[in-house]
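Notes to accompany the following structure.
Sequential numbering from 1 along the given sequence is applied to the chain's residues.
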Amino acid sequence: MRALQKMVKIETKLFLRDSATVMFGVLFPTGLLLGLGAVPALREPSPETGGLRSIDIWAPTALVFGMVMIAVQHIPAVIATYRERGILRRLSTTPAHPRSVLLAQMIVAFASVVVSAALMIFFAWAVLDIAPPERPLEFAVAFVVGYATLLGLGMISAAVARTSSAANQIGTLLFVALMFFGGAFLPRVLMPDVLREIGEFIPPGLQALTAAWSAEAGEVTATAGGQPFWLQIAVMAGIAVTASAIAAKFFRWE
């Protein structure tokens, strides 16, 4: 336990020294939302969205930027770097088993996405008058399960990437694909129904996050009829378990 606590402290210091990750993984979602909120047209209610503002609907999308960045880009790159430099191998000869490094990484990363989400939700409410999540319990479930799914996918990358460069390349491809289906590049309301339906089950489950944050926004972004919230969560959980099992099977310490 002490070894894990020590590793968490070390990984926290290393994380905070990585200014790019802190900027894009923790602060960028809030900055992005506030930047878009400065556009007057996005703060105007629209009859096409049931009187909602575009910024109200898009807020959960800004949230997942940090989640995806940390899970599929930051963690795999760090673990691949440790493997590439022989750090994991050397740790296997000390009381601090390499598993402690992985667990510490996950703890620090999860804490960072929670801080990112808390900052964004607070400033969204304080500056843009976007109400906090209407269903906080369901929102928390969607957030945790969605992040676990992303982490599982990220750990597959971490398991197979031999170098940090390879991990970064895989992470970039995953980031673009996940954010596309999440509606970051093309708003979900403008997507064809088939892409919107696929997006309801693609990590990190943006549709579930949107519906838990605002029922009205969830209705706007859902496909005709929409998929049940808990079905989306169950699919996300299944992906998380499967991806984690694959990562564990193929993971190499050296």
Closest heavy-atom pair and its distance - Pro203, Leu178: O-CD2, 3.4 Å

Shortest non-hydrogen contact between Gln105 and Val78, atoms and distance: NE2-CG1, 3.2 Å

Side-chain heavy-atom pair Gln5, Val8 within 4.5 angstrom cut-off: no

Ser112 side-chain N/O to Ala109 backbone N/O, donor-acceptor pair under 3.5 Å: yes

Under 3.5 Å side-chain donor-acceptor pair for Gln207 and Gln227: no

Over all atoms of both residues, closest heavy-atom pair of Ala59 and Leu33: CA-CD1, 3.8 Å

Linked, directly or transitively: Val241 and Ile246 (ILVMFWY side chains, under 4.5 Å): no

Short side-chain to backbone donor-acceptor contact, Arg135 and Ala211, under 3.5 Å: yes

Sub-4.5 Å side-chain heavy-atom contact between Leu42 and Arg53: no

Rounded distance [0.5 Å steps], CD1 in Ile202 versus CD1 in Ile239: 6.5 Å

Plane angle bin for Phe28 and Phe65 - parallel if under 30°, tilted between 30 and 60°, otherwise perpendicular: perpendicular

Atom CZ of Phe123 with >12 non-hydrogen neighbours under 6.0 angstrom: no

Any Trp125 side-chain heavy atom under 4.5 Å of Ile130 side chain: no

Step-by-step side chain to side chain contact (heavy atoms under 4.5 Å, CB included) determination, Gln232 to Val235: CA-CA 5 Å; Gln232 296 176 52; Val235 171; 5.9 Å; no

Distance (rounded to the nearest 0.5 Å) between Thr21 OG1 and Ile75 CD1: 10.5 Å

Side chain Trp213, main chain Ala131, donor-acceptor under 3.5 Å: yes

Minimum side-chain heavy-atom gap Phe251-Ile79 below 4.5 Å: yes

Distance (rounded to the nearest 0.5 Å) between Thr61 OG1 and Leu36 CG: 10.0 Å

Check: Glu200 side chain, Gly205 main-chain N or O, donor-acceptor pair, under 3.5 Å: no

Rounded distance (nearest 0.5 Å) linking atom CG of Leu128 with atom CZ of Arg43: 7.5 Å

Exam field: side chain Glu134 to backbone Ala215, donor-acceptor pair closer than 3.5 Å: yes

Can you give me every donor-acceptor pair (side chain of residues 140-162, partner residue at least two apart or in another chain, under 3.5 Å) with its distance?
unit_1 : atom_1 : unit_2 : atom_2 : d
Thr149 : OG1    : Val145 : O      : 2.8
Thr149 : OG1    : Met236 : O      : 2.9

Side-chain touch Val113/Met69, heavy atoms, less than 4.5 angstrom: no

Linked, directly or transitively: Leu137 and Val114 (ILVMFWY side chains, under 4.5 Å): no

Connected via hydrophobic side-chain network under 4.5 Å: Ile233 and Phe139: no

Leu63 side, atom CG; Trp58 side, atom CH2 - distance, nearest 0.5 Å: 10.5 Å

Check: Ile10 and Phe15 side chains under 4.5 Å, non-hydrogen atoms: no

Ring centres under 6.0 angstrom apart (His74, Phe24): no

Gln169 vs Leu173 side-chain heavy atoms within contact, under 4.5 Å: no

Side chain Thr30, main chain Met120, donor-acceptor under 3.5 Å: yes

Nearest heavy-atom neighbours spanning Leu231 and Phe201: CG-CE2, 4.1 Å

Trp230, CH2: over 12 other non-hydrogen atoms inside 6.0 angstrom: yes

Exam field: side chain Ser116 to backbone Val26, donor-acceptor pair closer than 3.5 Å: yes

Pro76 side chain near Ile170 side chain, heavy-atom distance below 4.5 Å: no

Gap between atom CE of Met7 and atom CG of Leu14 - 0.5 Å precision: 8.5 Å

Flag, side chain of Asn168 to backbone of Ser164, donor-acceptor distance under 3.5 Å: yes

